[in-house]
S.K.: 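Take this structure first; my questions come after.
Just so it is clear, the model here is predicted, and its values are computed rather than measured. Throughout, a chain's letter reflects where its sequence line sits, starting with A, and its residues are numbered from 1.
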Amino acid sequence: MHQFTIEPLAGTGNWEIAGHNIAFTNSALWMLIAAVVLTVFVAGGMRRQLVPGRWQMMVEFFTGFIDDMLEANIGKGGRKYLPFVFSLFMFILFANLLGLVPLGIVGVHPFTFTSHFTVTGILAVLSFSIVLAVGFWKHGLHFFSLFVPAGTPWPMIPMIAPIEFISFMVRPFSLGLRLFVAMMAGHVLLEVLSSFVINGGNGGLGLGLLVGIPSLVLMIGIAALEILVAGIQAYVFALLTSLYINDAENLH
Amino acid sequence: MPQIAQLGETFASQLFWLVIFFGFVFFVVGRGMVPRVMGTMTDRDKQIGDDLAAAKTARDAADTQEEAWRVRENENRAAARALVAQAKAEALAENDRKLATAQERLDVQLAEAEQRIDASRRSALDEIESVAVEAAQDIVQRLASVKVTKAGAEKAVREALANV
């Protein structure tokens, strides 16, 4: 569990806003790294060549991917959410992937800030507030008809509407918790397996080979799976955000 | 679990720095760079579309020209064919004419030759007759000592020769 511990790096004493300490922590450091790497990555794809190179191709693949997703889920009006959903997807993706980089070998410990529900929760609440803002901006109080699915017989409305309302209000929690749980579970699994390898090795040569080798092989497989999960969870977050925005944008 | 254990002391810091860095990503990358990347893609799609349209126009023009060329070619071929047919017909007529004149000449020659042959044969027959008459008179005189008149012998010879 040590890998999830937030350690202040600077500003523990006097960096405060309204009495709350805002120390620059390892979590903030990896947010900074993710932001910088992402900026460098996208900046490298801005050569605006007619025939794209590999880097430009990669960046255009990601923008095109999110653009297609928005168009498929929201329609023509989806393109105006591209900056937000793209930032969300890439920021989470880079955070997930950077947290998996085996820098422990050289003594630096990567910190996966998406394994903290404070971070994923804030991002989920951000998505949810955009949904609310878009919904009420575009449809006004008519947005409440979201809780009455089209074609509901009127006697059912008093029962359906509260259920729909609860399921709507659960969205930010499920959105934030899903990412947090997936990232944390993956890292814990890798840690458990690596502790098998190390403790098995400490227990002698025979036990080390018996326990260590299968654990290492499994660990390599799980590590590959974690890279996949890093992509999938970022995608799921962006996909669900776009689906929720679709509710607000198109309202049935 | 540090996520829960440190919740109170780190929440403000997490919120503050996340807002700072995600805000940076959103405004610099999302709002600043992504539209330009998308613009490049749109421009490229437009360029490809324009190029395809130009290629289609060029191909249509080529098709039209080829069609025109084919029509012209067909006309030329038909004209050539007519010319050949005419020449053939003329040659045929000339041939017929030549053959006809040659045939006429041959016919005349043939008729003359036949006449000559007839005349020769007739004179030969006459000669044979006269010789046969004399011979018959002579033979009869020697064998039967009968003097046959020339007219009688001629009659007999002519009867005998009619059967030849």
S.K.: Can you tell me how far apart CZ (B/R36) and CE (A/M46) are? Round to the nearest 0.5 Å.
M.R.: 4.5 Å

S.K.: With a sphere of 6.0 Å drawn around CD of B/E94, does it hold more than 12 non-hydrogen atoms of other residues, nucleotides or ligands?
M.R.: yes

S.K.: Going from CZ on B/F16 to CZ on A/F24, what distance comes out if it is rounded to the nearest 0.5 angstrom?
M.R.: 10.5 Å

S.K.: Is a side-chain N or O of B/Q6 found less than 3.5 angstrom from the main chain of A/T5, in a donor-acceptor match?
M.R.: no

S.K.: Quick one: of B/L15, B/V25, B/L18, who has the most non-hydrogen atom pairs under 4.5 Å with chain A?
M.R.: B/L18

S.K.: Please tell me if the side chains of B/V29 and A/F91 come closer than 4.5 Å, counting only heavy atoms from C-beta onward.
M.R.: no

S.K.: Which atoms of A/F4 come close to chain B, meaning under 4.5 Å heavy atom to heavy atom: side chain ones, backbone ones, both, or neither?
M.R.: both

S.K.: Using non-hydrogen atoms only, which part of B/I20 is less than 4.5 Å away from chain A: side chain, backbone, both, or neither?
M.R.: neither

S.K.: Counting only N and O atoms by type, is there a donor-acceptor contact under 3.5 Å from the side chain of B/W17 to the main-chain atoms of A/I22?
M.R.: yes

S.K.: Below 4.5 Å from any heavy atom of chain B, which atoms of A/A43 appear? Answer side chain, backbone, both or neither.
M.R.: both

S.K.: Quick check for you: among A/P8, A/S115, A/G45, A/A34, which has the greatest number of heavy-atom pairs under 4.5 Å with chain B?
M.R.: A/S115

S.K.: Above 12 or not: heavy atoms from other molecules or residues under 6.0 Å from CZ of B/R31?
M.R.: no

S.K.: Could you check whether any side-chain heavy atom of A/L82 comes within less than 4.5 Å of a side-chain heavy atom of B/V34, counting everything from C-beta outward?
M.R.: yes

S.K.: Answer yes or no: is there a donor N or O on one side and an acceptor on the other, between the side chain of B/S13 and the main chain of A/A23, under 3.5 Å?
M.R.: yes

S.K.: Roughly how far, to the nearest 0.5 Å, is CZ of A/F86 from CE of B/M38?
M.R.: 9.5 Å

S.K.: Need one label for A/F41: side chain, backbone, both or neither, based on atoms under 4.5 Å from any heavy atom in chain B.
M.R.: neither

S.K.: Any non-hydrogen side-chain atom of A/V59 less than 4.5 Å from a side-chain atom of B/M33?
M.R.: no

S.K.: Between B/Q14 and chain A, which part of the residue has a heavy atom less than 4.5 Å away: side chain, backbone, both or neither?
M.R.: both

S.K.: Which answer fits A/I6, side chain, backbone, both or neither, if we ask what part of it has an atom under 4.5 Å from a heavy atom of chain B?
M.R.: both

S.K.: For A/H116 and B/T10, run side chain to side chain contact (heavy atoms under 4.5 Å, CB included): C-alpha distance rounded to whole Å, both residues' side-chain angles, the deciding distance at 0.1 Å, then the answer.
M.R.: CA-CA 11 Å; A/H116 273 251; B/T10 61; 5.7 Å; no

S.K.: Can you say whether A/P52 sits under 4.5 Å from chain B via the side chain, the backbone, both, or neither, judging by heavy atoms?
M.R.: both

S.K.: Using side-chain heavy atoms (C-beta onward) and a distance below 4.5 Å, is A/F62 in contact with B/V37?
M.R.: no

S.K.: With a 4.5 angstrom heavy-atom cut-off, is it the side chain or the backbone of A/L126 that approaches chain B, or both, or neither?
M.R.: side chain

S.K.: Taking atom NZ as the centre, does B/K150 end up with more than 12 heavy-atom neighbours from other residues, nucleotides or ligands that are less than 6.0 angstrom away?
M.R.: no

S.K.: Check whether more than 12 heavy atoms from other residues, nucleotides or ligands sit under 6.0 Å from atom CE of A/M57, and answer yes or no.
M.R.: no

S.K.: Tell me, side chain or backbone of A/M90 under 4.5 Å from chain B's heavy atoms, or both, or neither?
M.R.: neither

S.K.: For A/F84, is it the side chain, the backbone, both or neither that has a heavy atom under 4.5 Å from a heavy atom of chain B?
M.R.: both

S.K.: I need the A/T118 OG1 to B/L7 CG distance, nearest 0.5 Å.
M.R.: 7.0 Å

S.K.: Is it the backbone or the side chain of B/F26 that comes under 4.5 Å from a heavy atom of chain A, or both, or neither?
M.R.: both

S.K.: A/V42, A/T39, A/L38, A/I66: which one forms the most heavy-atom pairs within less than 4.5 Å of chain B?
M.R.: A/T39

S.K.: Once you round to the nearest 0.5 Å, how far does CE of A/M184 lie from CD of B/Q3?
M.R.: 4.5 Å

